[in-house]
Structure formats: structure tokens, C-alpha cells
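Written below as C-alpha cells is the structure these notes are about.
Residues: numbered from 1 along the sequence shown.
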Amino acid sequence: MTDLAARVPESPVLDVAAIRADFPILSRQVHGRPLVYLDNAATSQTPRQVIEAFDAYYSGYNANIHRGLHTLADEATAAFEGTRETVRGFLNAAEHREIIFTRGTTEAINLVVNSWGRANLGPGDEVLISRLEHHSNIVPWQLLAAELGFTIKVIPVDERGVLDLDAYRALLGERTRLVAVNHVSNAFGTVNPVKEMAALAHAHGALILVDGAQATPHQEVDVRDIDADFYAFSGHKVYGPTGVGVLYGKAALLEAMPPWQGGGEMIRTVSFEAGTTFAEIPHKFEAGTPAIAEVIALGEALRWVAGVGLSAIGAWEERLLQHATAAVSRIDGLRILGTAPGKAGVLSFVVDGAHSQDIGLLIDQLGVAIRTGHHCAQPLLAQFGVDATCRASFAAYNTLEEIDTFAEALTRVIGMVR
């Protein structure tokens with residue numbers, strides 16, 4: 001248990017009605033019907049406490065941080081750095097300076113690629129990436145590999161969408177420098193054994209980068225227990241705002257890495273004659289004015305999650321997933337993709353004779369929001385012979401009644417498009 005979660009006792013049962021009351025958007029209607037929001041793997045909704053954090057900042061202490069000497073700057077800096085400590089506790093990182101604020105998981109991964117990767121990779125080196133990855137954990141490595149000449153090797157998955165651990169062990173070798181893998185698949189909900197993968201990588205002298213964007217909303221994450229070298233997540237997946245995220249990195253690694261972006265705040269001194277010296281971590285990697293309000297609001301989101309309890313959230317989402325799986329399995333011609341045991345609350349499926357885009361557009365007319373397309377996981381879907389799926393994904397505020405509404409709407413829509 002992370003030390004933030006440890007401060008808040010978890011209830012074994014969620015009061016879903018009370019949770020829903022925290023989310024103003026859930027009371028709206030879409031096309032004259034109550035909104036059923038099942039697109040949480042793309043972006044979760046935000047509770048009013050997060051929304052109020054924006055208002056409090058902009059109406060009460062809007063100022064730039066760190067270098068100001070006036071009261072508003074002091075208050076803004078304290079709130080901003082308070083979130084850094086909240087994130088440290090949320091991930092159970094050893095030190096607050098191991099927490100770097102980014103625009104999201106994508107930027108966090110790009111930071112590792114362009115700082116650590118550019119300084120440490122070259123011809124003959126190998127980076128292992130699983131077929132389960134989001135494009136943001138594939139494309140940056142491909143771009144750098146084309147420039148520097150290292151090799152990318154792909155960890156396969158089986159017909160259930162489960163990562164092949166034996167193949168992973170076989171791929172690890174003396175030239176492996178880094179393993180880049182998601183904690184939870186955004187497309188299928190597969191939960192990867194990242195702790196075991198980290199131990200295996202370290203036994204071969206390699207580092208591990210974990211994309212935690214889909215894990216942090218659903219389960220407790222302890223980066224020290226995992227022994228992750230890098231761990232990234234996004235605010236908007238975990239009931240927080242868009243445009244902000246986190247990169248965790250072990251302090252010794254971050255200290256040895258060169259800056260990725262240059263500008264204000266990340267410097268110690270600048271001189272035309274003597275050049276530039278850089279700030280200590282984490283500020284070395286936080287060039288320019290950050291997303292101050294978003295970072296402060298992210299802290300509120302993580303405190304909200306801790307107050308509800310991640311164990312309780314995960315258990316409720318598992319019940320929602322089981323209910324939804326049983327409901328859609330009764331639909332003729334529907335095939336679920338991703339059947340890993342113990343997977344997170346993600347339900348991806350295709351329907352014989354129906355295009356996913358048509359299903360998504362029509363079910364929206366019935367007030368149900370799902371995601372359709374390739375989910376930025378084209379290599380994974382290609383293995384299963386499809387270029388798009390429908391995806392329903394669940395959060396703490398969803399109800400069993402909403403799942404029933406979704407299943408009824410889906411049945412109706414499929415009857416229209418076939």
C-alpha cells in the first residue's frame with residue numbers, strides 16, 4: 001500500500017450514489033437520454049473537488065511559481081509543490097525529487113526516450129517493447145532507433161491478449177538496455193506482471209519503463225515494490241485534468257540524464273562565456289512555466305481517489321466488467337477481444353457484419369458513450385485481424401443499471417446496422 005493510501009482507510013463497498021454526486025457531468029442528458037459514460041479508458045470524468053481547485057487557483061492565488069517573492073507566488077508554489085508530495089505518496093516514491101511533472105504519459109515517455117535513450121543507446125543495443133503497447137510507447141522508440149541504430153524487439157502476446165513471459169525471458173540478453181511495457185493495456189485491459197518483468201530486466205542489467213496510464217485509476221501502484229526505473233501516468237485517466245501527467249524516475253538515473261528541453265526554471269546559471277549549468281532534479285526536466293492549475297488540480301484528484309480507496313474502486317470495476325461481459329456475450333455475432341484473467345475494466349469487442357464506427361455513432365444517439373477505433377494500438381489489433389473495435393471501459397461512478405442500458409442499446413443498434 002502506498003503511504004498516501006495508507007493514510008485513508010478503504011471501504012470494502014463503494015457508495016456509488018455518493019460518488020456520482022461528486023460528478024456534475026453525470027447529471028446531463030445526451031440526445032434526450034441520461035448520459036451513460038463508458039469511455040473512461042480514454043478520459044475519466046472529474047469530480048467537483050478537482051473543478052473547484054481550478055476556480056480556487058484562478059480566483060484566489062493565480063501567480064507564477066518558484067521565483068516570486070510576493071504572497072500569491074508563495075501560495076501558488078506551496079500548492080504546486082504540495083501536489084508533488086501527494087504524487088510521491090500516491091506512487092510510494094522514495095523522494096519528492098523523483099517526481100517530474102509533464103503534459104501526460106506521452107510526454108513522460110518522450111522525455112525518457114530523448115534524454116536517457118539518446119545518451120545511452122546506439123548500434124547493437126536492444127529495447128524490448130510488448131505488442132500490447134499504446135503508440136506513445138512505440139513511436140518515440142522507433143524514431144530514436146531510426147536515428148541511432150539500435151534494435152527494437154517485440155514481446156508477443158497470446159490469443160487472450162496475455163503477454164508471453166517465456167518469450168520475454170528468451171528475448172532478454174546481454175544487449176538489452178531497456179524494457180518498455182504498459183502496466184495495463186488500454187485496448188484489452190490486460191494487467192502485466194511488471195514486478196516480475198522488472199526483476200528479469202534487472203537480472204540482465206537492463207532498465208524498465210512502465211506506462212502506468214491505465215493502472216493508476218484502478219489499482220494501487222508502488223514503484224518501489226515494482227522496482228520500476230521509470231513510471232509514467234496521466235492526470236486525465238485518474239479523475240484529474242487533461243494536459244498534466246507525471247514521470248517517476250529513480251533519483252540516480254534522473255541525476256545522470258541530460259535535460260531534454262531548455263528554458264526557464266531548469267537552469268542554475270546561464271552565460272554566453274561559460275555556458276549553462278542546470279538545476280537539480282526535478283526542476284532540470286521542468287523547463288518553462290508549467291501547467292500550474294492543472295498540477296494543483298491533479299493533487300485534488302489523487303486525494304479524491306485515495307479517499308474513495310483504490311481497492312474498493314478496483315473491486316467495483318471488476319463487478320461491472322463481469323456484469324457487462326455476461327450481458328454482451330448473449331449478443332449473437334459479438335466477439336470479445338482480450339480475455340486475460342484478472343484484467344482491468346475494459347471490454348473490447350467486434351460484431352460480425354457491423355462496423356465499429358457505425359455502432360459508436362448510433363449508440364451515442366441512445367445516450368451511451370463508448371470508444372471505437374484502433375485505440376492507438378494498431379500492432380495489437382492487427383494480430384487479431386481487425387483494424388478497429390468497440391470499447392466500453394468502466395470507472396468508480398458507473399452502475400450496474402448503466403451496464404444494462406448499454407447492453408440494451410447495443411442490442412438495438414446491432415439490429416439496425418446488420
Side-chain angles (χ1 to χ4, degrees), residues 41 105-106 108-110 112-113 116-117 120-146 148-215 219 221 223 226-233 337-344 346 348 374-386 389:
T105 303
T106 297
I109 293 171
N110 274 271
V112 175
V113 170
W116 181 89
N120 290 279
L121 296 174
D125 292 332
E126 297 173 357
V127 171
L128 305 189
I129 300 174
S130 89
R131 190 169 289 275
L132 287 167
E133 299 313 301
H134 189 281
H135 294 168
S136 63
N137 204 18
I138 300 174
V139 177
W141 298 109
Q142 289 180 326
L143 291 171
L144 192 64
L148 300 185
F150 63 87
T151 300
I152 294 173
K153 291 190 173 182
V154 180
I155 309 164
V157 300
D158 66 17
E159 70 281 355
R160 301 167 298 166
V162 175
L163 185 144
D164 187 335
L165 267 181
D166 289 334
Y168 171 62
R169 291 187 184 95
L171 286 170
L172 286 165
E174 63 179 12
R175 301 305 301 172
T176 307
R177 295 291 176 260
L178 181 130
V179 176
V181 65
N182 57 38
H183 198 160
V184 174
S185 164
N186 74 301
F188 285 0
T190 304
V191 181
N192 285 318
V194 291
K195 181 177 179 179
E196 182 177 358
M197 296 181 74
L200 289 166
H202 293 152
H204 286 80
L207 303 182
I208 188 167
L209 161 68
V210 181
D211 169 359
Q214 298 294 334
Q219 62 185 71
V221 172
V223 292
I226 294 169
D227 200 13
D229 298 293
F230 302 104
Y231 196 99
F233 74 93
L337 300 183
T339 56
K343 74 175 192 175
V346 173
S348 285
H374 55 65
H375 316 299
C376 292
Q378 287 179 312
L380 178 61
L381 296 195
Q383 175 175 322
F384 290 81
V386 300
T389 73

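Not counting sequence neighbours, the partners of Phe188 by the ring-ring contact (aromatic ring centres under 6.0 Å, His included) test are Phe384. Residues forming a side-chain contact (heavy atoms from CB on, under 4.5 Å) with Ala180 (at least two apart in sequence, or on another chain): Ile129, Asn137, Trp141, Leu178, Leu209. When the side-chain hydrogen bond (donor to acceptor under 3.5 Å, both in side chains) test is applied to His375, the partners found at least two apart in sequence or on another chain are Thr389. Asn120 is linked by a side-chain contact (heavy atoms from CB on, under 4.5 Å) to Trp116, counting only residues two or more places apart in sequence or in another chain. Among residues two or more places apart in sequence or in another chain, the ring-ring contact (aromatic ring centres under 6.0 Å, His included) test is passed with His134 by none. For Pro123, the side-chain contact (heavy atoms from CB on, under 4.5 Å) criterion is met by no residue, not counting sequence neighbours. Asn182 pairs by the side-chain hydrogen bond (donor to acceptor under 3.5 Å, both in side chains) definition with Asn192, not counting sequence neighbours.
Across Ala215 and Val221, no two heavy atoms sit closer than the pair CB-CG2, 4.4 Å. The nearest pair of heavy atoms linking Ala187 to Val346 is O-CG1, 3.6 Å. In this structure, Glu174 and Arg177 approach most closely via the heavy-atom pair O-NH1, 3.0 Å. When every heavy atom of Pro341 is checked against every heavy atom of Arg160, the shortest pair comes out as CD-NH1, 3.9 Å. His135 approaches Ala377 most closely through the heavy-atom pair NE2-N, 3.3 Å.
By the 4.5 Å heavy-atom criterion applied to side chains, Val210 and Val179 are not counted as neighbours. At a threshold of 4.5 Å between non-hydrogen side-chain atoms, the residues His183 and Gln214 do not count as touching. For the pair Arg175/Phe150, no side-chain contact is recorded, criterion being any heavy-atom separation below 4.5 Å from C-beta on. Between Gln219 and Val191, the closest side-chain pair of non-hydrogen atoms falls below 4.5 Å. A 4.5 Å side-chain heavy-atom check between Val157 and Val162 finds every atom pair outside the cut-off.
Note that CZ of Phe230 and CD1 of Ile208 are 11.5 Å apart. Values are rounded to the nearest 0.5 Å. For the atom pair CG of Leu132 and CG of Asp211, the computed distance is 11.0 Å after rounding to the nearest 0.5 Å. Rounded to the nearest 0.5 Å, atoms CG (Asn110) and OG1 (Thr105) are 11.0 Å apart. Separating the OG atom in Ser348 from the CG atom in Leu381 is a distance of 7.5 Å, to the nearest 0.5 Å.
Exactly one residue among Thr190, Val181, Asp164 makes a side chain to side chain contact (heavy atoms under 4.5 Å, CB included) with Ser130. That residue is Val181.
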request  = Take Val386 and Leu337 through the side chain to side chain contact (heavy atoms under 4.5 Å, CB included) test and state the conclusion after the steps.
outcome  = CA-CA 10 Å; Val386 300; Leu337 300 183; 3.8 Å; yes
key: Step-by-step side chain to side chain contact (heavy atoms under 4.5 Å, CB included) determination, Thr176 to Leu128   = CA-CA 7 Å; Thr176 307; Leu128 305 189; 3.9 Å; yes
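For the salt bridge (Lys or Arg N to Asp or Glu O under 4.0 Å) condition, the pairs that include at least one residue of residues 126-145, sequence neighbours left out, are Glu126-Lys153.
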For residues 195-206, please give each side-chain donor-acceptor pair under 3.5 Å, one per line with the distance, not counting sequence neighbours.
{"residue": "Lys195", "atom": "NZ", "partner": "Asp225", "partner atom": "OD1", "Å": "3.0"}
{"residue": "Glu196", "atom": "OE2", "partner": "Arg169", "partner atom": "NH2", "Å": "2.8"}
{"residue": "His202", "atom": "ND1", "partner": "Ala198", "partner atom": "O", "Å": "3.2"}
{"residue": "His202", "atom": "ND1", "partner": "Asp227", "partner atom": "OD2", "Å": "3.2"}
{"residue": "His202", "atom": "NE2", "partner": "Asp229", "partner atom": "OD2", "Å": "2.7"}
{"residue": "His204", "atom": "ND1", "partner": "Leu200", "partner atom": "O", "Å": "3.0"}

